[in-house]
Amino acid sequence: LSTRKKGLSGQFPLTQNVTVTEGGTANMTCRVEYNDQTSLQWSNPAQQTLFFGDKKALRDNRIELVRATWAELTISISDIGLSDEGQYTCSLFTMPVKTTKAFLTVLGVPERPEITGFTKPAMEGDEITLICTTSGSKPAAHIRWFRNDKEVTGTKEVNATGKSFTVKSTLQLQVDQSDDGVAYTCSVEHVSLSSNPYQVTEVLEVHYAPHVEISHSVIIPQEGQYFKLECVAKGNPLPEPVLWSKDGGELPDIERMIVEGRELTITALNKTDNGTYRCEASNYLGTSGAEYVLFVYDPNAPGQQDPDHALIGGVVAVVVFITLCLIIALGRYLARHKGTYLTHEAKGSEDAPDADTAIINAEGNHAAEEKKEYFI
């Protein structure tokens, strides 16, 4: 934004507002379109003279002369701080003196954020607080929260500290086992950071009691097969080890029933393996168990069919039954509506007092019909 003050002689200085990031360098330029060898001067917001022409007036090693002519006076201020912000004045020493103002805006760079308020580990069901804090920004920084890649909303608080701002954003959560291992990221955005926000991440650790399920390797176990059960135990801390039992007691055949880690393997199934198998897993928060009922089929036994065949047979039987019901219902419907009209032979028979009379009447009507002649 250029500003100018025009004197009676037509001489006037021109300046431009400057914005610089804290720690950077600001170039302050003052130009004159027409000058009759009159000196230019720069002074700071405290009205201290910085340069008068090419002569340095203030002892500040950060301030240097860039260019000094009758038409231009440019100086540089390095290692800019927030205290350097303000209104600078360029003066043209005519009679009277003409001045122009230029405002130097300093952007305060936010400090890298920190997340506090959370002590690992949390217990399932606990309410926890995450606080993201950044200081030193000017203007105030903007904080965003992300749960993994999804943005969530926090509560923002801004406090002024001198010329800069301290910004806090708070998240309050009630955690469960689904939050274990989830990454919460605090992202600080500011004009001084362009498109590269500062980020810090906190990965939650949530402890919870075990949950156990049993998976099996064969859908229809048969005699002689290799069979495996796996105890799928989830919990934090991870429940170790898992314990296997059969029908409430120890495994009866340790030569064929092999336990490796979470897996129970039966090398060659037979009928004696039928029963209820249970696995249990524990951590300091509790114990969980699951059961699997094993029934071993004999593929060579007559009349024994596997559950899939029985299911298919049941479905087919239901379909056949429904089809028969539909056929019977349709037959009854057609029979109920049959004979609702009379043929020529039946005319007159409906009013007969008995069967013999009805036959005579029908024959008479038939004979009368035959005697009819038609001429065209």
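We number each residue from 1, following the sequence as shown. The structure presented is a predicted model; accordingly, all values stated were derived computationally and were not measured.
- When hydrophobic residues (I, L, V, M, F, W, Y) are linked wherever their side-chain heavy atoms come within less than 4.5 Å, V293 remains an isolated member.
- Clustering ILVMFWY residues whenever any of their side-chain heavy atoms sit less than 4.5 angstrom apart, transitively, puts L82 in the very cluster that holds I63.
- Sorted by first and then second residue, the ring pair (Phe, Tyr, Trp, His ring centres under 6.0 Å) pairs with a member in residues 229-288 read H207-Y284; sequence neighbours excluded.
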Problem - side chain to side chain donor-acceptor pair (under 3.5 Å) between S91 and T99, intermediate numbers included - result: CA-CA 4 Å; S91 302; T99 61; 5.5 Å; no
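- Considering every non-hydrogen atom in both P221 and L269, the closest pair reads CB-CD1, 3.6 Å.
- Under the rule for a side chain to side chain contact (heavy atoms under 4.5 Å, CB included), the partners of D176 that lie at least two apart in sequence or sit in another chain are E124, S178, D179.
- Y226 belongs to no hydrophobic cluster, as no Ile, Leu, Val, Met, Phe, Trp or Tyr side chain comes under 4.5 Å of its own.
- Applying the ring pair (Phe, Tyr, Trp, His ring centres under 6.0 Å) test to every pair with at least one member in residues 126-157, sequence neighbours left out, gives no pairs at all.
- For S192, the side chain to side chain contact (heavy atoms under 4.5 Å, CB included) criterion is met by T21, L107, V109, P110, H190, not counting sequence neighbours.
- Of the inter-residue distances, the one linking K246 atom NZ with E291 atom CD reads 12.5 Å to the nearest 0.5 angstrom.
- Distance alone, capped at 3.5 Å, places no donor-acceptor pair between the N17 side chain and the A102 backbone.
- A donor atom on one side chain and an acceptor atom on the other are not found under 3.5 Å apart for T116 and E114.
- I327 belongs to no multi-residue hydrophobic cluster, having no ILVMFWY side-chain contact under 4.5 Å with any other such residue.
- Every residue was checked against the salt bridge (Lys or Arg N to Asp or Glu O under 4.0 Å) condition with D126, not counting sequence neighbours, and none meets it.
- Within the structure, the disulfide (SG to SG under 2.5 Å) test picks out the following pairs touching residues 120-166 (sequence neighbours left out): C132-C186.
- Grouped by direct or indirect side-chain proximity (heavy atoms under 4.5 Å, Ile/Leu/Val/Met/Phe/Trp/Tyr only), I328 sits alone.
- Counting only residues at least two apart or in different chains, ring pair (Phe, Tyr, Trp, His ring centres under 6.0 Å) contacts with residues 58-99 comprise F52-F93.
- Every residue two or more places apart in sequence or in another chain that forms a ring-ring contact (aromatic ring centres under 6.0 Å, His included) with H216 is listed here: Y292.
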